[in-house]
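Let me begin by presenting the structure, written as structure tokens, before commenting on it.
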Amino acid sequence: MKSAQVGWTEALNNVIGFHVDQDPAPILLLQPTLEMAEAWSKDRLAPMIRDTPCLNGRIADPKARDSGNTLLHKRFTGGHLTIVGANSPAGLASRPVRVLLCDEVDRFPVSAGTEGDPIDLARRRTATFRNRKVLMGSTPTVKGASRIEAAFEQSDQRFYFVPCPHCEEFQRLVWAQVKWEEGQPETAAYVCQHCGAVLTDADKPEMLRRGEWRPSKPFNGVAGFHISELYSPWTSWPEMATAFIRAKKFPETLQTWINTALGETWEEKGETVEPEGLLARKEGYGPDELPPGVLLLTVGGDVQDDRIECQLLGWGTNEECWILEQKIFLGNPGNARFWNEEIDPYLKQRYRTEDGRSLAIEAAAFDSGGHCTQAVYDYCVARRRFRIWAIKGQAGPGRLAWPKRASRVASSRVPLHIIGVDTIKSTLYGRLEKVPKPGAGYIHLPESFDAEACKQLTSETRVRVYVKGRAVIVWKPRVANIRQEAQDCWIYGYAAMIGRGGGKLLATRAGRRPEPRVETVPEEPEVEAAPPPETAPVPVKRNFVAPRRNGFVRGWK
Ligand SMILES: [Zn+2]
């Protein structure tokens with residue numbers, strides 16, 4: 001994890017040069033994009049090979065006839081170097097590699113095409129080498145969303161300690177110790193944390209030479225290093241102070257400065273809801289006796305590797321919402337029996353309201369985007385006429401909460417509903433924050449909701465990120481590795497409610513005229529239709545939409 005101007009690219013070059021000359025191995029270098037891979041090959045690798053005698057004898061010039069070498073693929077005795085863009089799934093799924101180098105990982109896409117995390121994909125290439133080596137490096141970006149920070153936090157977290165030339169105490173250089181006269185950044189100097197001596201850039205070379213890496217966590221197999229521009233032999237402290245004063249005027253330039261000069265993540269106080277406050281809204285109801293306002297039940301299902309979590313949601317007029325329970329089914333969701341024996345009975349259950357009505361679950365949405373995708377498809381496609389839907393979340397602004405029509409999973413008849421998760425997150429957080437009293441849009445919490453569930457329900461925060469100087473709103477987990485099942489289940493259960501008919505259906509049920517909607521949720525794709533007469537033949541449509549019956553349970557038992 002590093003700033004700019006600290007020689008990282010040279011470090012990477014040295015690793016490659018060493019392996020070409022001393023320890024030949026198949027090497028894969030990942031750059032964020034194909035264009036950057038090509039630029040790196042031309043501007044960084046080619047000069048090193050050209051100017052280093054022991055390398056240029058081993059790697060033939062791509063221009064030479066029969067060299068077998070291209071811009072992105074270099075052969076040498078005993079190995080090869082393949083350079084790929086992290087956005088290119090084809091390049092990641094090629095041959096085995098022993099040395100995997102990942103450059104600027106914070107600029108990697110979340111997924112290589114549709115294949116998943118590029119680093120995971122590339123890591124699989126190294127599986128057959130006992131002596132594999134994986135190297136990642138990057139300037140960090142936003143806290144909670146930075147790959148390099150997450151990786152660094154799992155390492156032994158080494159910092160470079162340098163001695164003060166006056167008191168000999170070793171210390172890590174930190175920005176807070178750089179001081180200057182008000183308005184005169186050119187006077188900036190480093191103040192020793194121990195003796196207060198004022199150190200200038202003239203002291204730096206000697207300090208760097210005598211410095212050493214010190215871990216701050218026990219070693220667990222991953223060595224992590226952090227270095228900032230404060231150590232750079234090519235940048236002076238007054239230059240950094242000048243750049244800081246220029247950058248701090250605007251949040252976007254300050255973010256860039258903190259990322260590239262200090263090599264630290266940027267933390268913006270985003271729009272968020274504090275989970276502690278939510279505990280106060282717990283009420284004494286549960287799934288055994290539903291509050292009288294509940295008109296419709298939906299389920300949002302989050303599929304993990306070892307369990308399925310289902311959130312049962314009750315909906316009333318104007319989308320007033322009662323979270324009824326968060327139920328965890330432990331087992332292997334890849335196994336159809338688990339679904340049949342655990343999820344089926346749960347979805348078939350009926351619930352009684354306080355005022356004596358009996359309600360069934362009318363729609364359920366299960367996430368197929370993460371784990372056990374095929375099993376989710378299989379389960380949902382067989383039950384789609386009961387409105388059990390396979391869904392997949394798609395981030396990004398302006399997406400419909402529920403799609404106008406389902407997509408088809410390639411080469412199959414599985415209808416897949418792509419839901420706009422960011423749109424629904426805005427709804428969830430907006431309602432938690434801005435709707436403090438029961439009524440339209442209020443979210444009620446059941447007796448069973450504990451602090452952990454509240455934390456999960458509010459596990460993200462809305463932050464402004466600057467991509468090439470342009471502000472983009474994104475949702476981020478508030479801390480790394482926070483569990484999010486309650487939030488995700490609510491999102492899916494909300495999508496199921498919209499898919500079932502949304503506010504219009506709820507208004508019809510409440511015997512009232514629909515009221516104008518305030519949030520930007522899509523038009524309801526389905527309007528409750530009168531049931532066909534029992535005797536009428538049900539037309540079978542070619543696009544495989546099952547005949548719709550009024551109510552969920554009919555035909556289910
Ligand atoms: Zn000192």
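None of the values given here were measured: they were computed from a predicted structure. As the structure lists them, so they are numbered: ligands from 1, and atoms in each ligand from 1.
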Are the aromatic ring centres of W237 and W175 under 6.0 angstrom apart? no
Measuring to the Zn ion (ligand 1), does C195 have an N/O/S atom at a distance below 2.8 Å? yes
Flag C167 as yes if one of its N/O/S atoms falls below 2.8 Å of the Zn ion (ligand 1), otherwise no. yes
Angle at the Zn ion (ligand 1) between SG of C192 and SG of C164, to 10°? 110°
To check you understand the geometry: which heavy-atom pair defines the closest contact between R158 and P215, and what is its length? CG-CA, 3.7 Å
Flag side-chain contact, heavy atom, 4.5 Å: R478 against T458: yes
Are R172 and F161 in a cation-pi setup, meaning NZ or CZ lies under 6.0 angstrom from the ring centre and within 45 degrees of the ring axis? no
